[in-house]
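One structure below.
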Amino acid sequence: MKAFPEPVKLRSAMNCSGAATRPFMEVDLETLNRRLDERPEKEWGGKKAELELIARLQRTKEDIPQNGMIIDATASIAHVVDEIIRLSETNKI
């Protein structure tokens, strides 16, 4: 993972419709279910209604705008951070 002397600020690029382009973390269903199974009921995503919403959003991707940037969150944390920084440095987010 890259080291920076100061915090990196992510920029939002505006498209012609005015919606901000931003990264969305995506994991496969197996990884998502494993992570949710480990979550206590008191945390968001631990209750049945929340799990149903998460499952629907995972399946339909209805919460991701057409111009949303997908980042593979099954990769290592270092890779995910580097990808966000790379996109930020190229003004894509």
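Note: hydrogens, waters and symmetry copies are ignored here, and every other heavy atom, side chains too, is used. Keep in mind it's a predicted model, so treat the numbers as computed, not measured.
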Between Asp28 and Thr31, is there a side-chain heavy-atom distance shorter than 4.5 Å? yes
CD (Glu89) and CG (Asp82) are apart, to the nearest 0.5 Å, by 9.5 Å
Separation between NE2 (His79) and CD1 (Ile77), nearest 0.5 Å, reads 12.5 Å
| request: Compare all side-chain heavy atoms of Ile84 with those of Met25 and state whether any distance is below 4.5 angstrom. | output: yes
Closest non-hydrogen atoms of Glu50 and Gly46, given as atom of the first, atom of the second and distance, are OE1-N, 3.3 Å
Salt bridge (charged side-chain N to carboxylate O under 4.0 Å, His left out) filter on Lys47, not counting sequence neighbours, yields none
Could you go through residues 36-43 and list every donor-acceptor pair under 3.5 Å that involves a side-chain atom there, pairing it with any protein atom two or more places apart or in another chain?
unit_1 : atom_1 : unit_2 : atom_2 : d
Arg39  : NH1    : Trp44  : O      : 2.7

Note to self: Around atom CD of Glu62, are there more than 12 heavy atoms from other residues, nucleotides or ligands closer than 6.0 Å?
What the structure shows: yes
*asked:* Would Glu26 and Asp72 count as a side-chain contact (heavy atoms from CB on, under 4.5 Å) here? Give the steps.
replied: CA-CA 5 Å; Glu26 183 173 60; Asp72 179 7; over 6 Å; no
The reported gap from CD1 in Ile54 to CZ in Arg59 (rounded to nearest 0.5 angstrom) is 13.0 Å
Checklist entry - So, do Leu87 and Ile71 sit near enough that their side-chain heavy atoms are less than 4.5 Å apart? => result yes
Correct closest heavy-atom pair for Val27 and Gln58 would be O-NE2, 3.1 Å
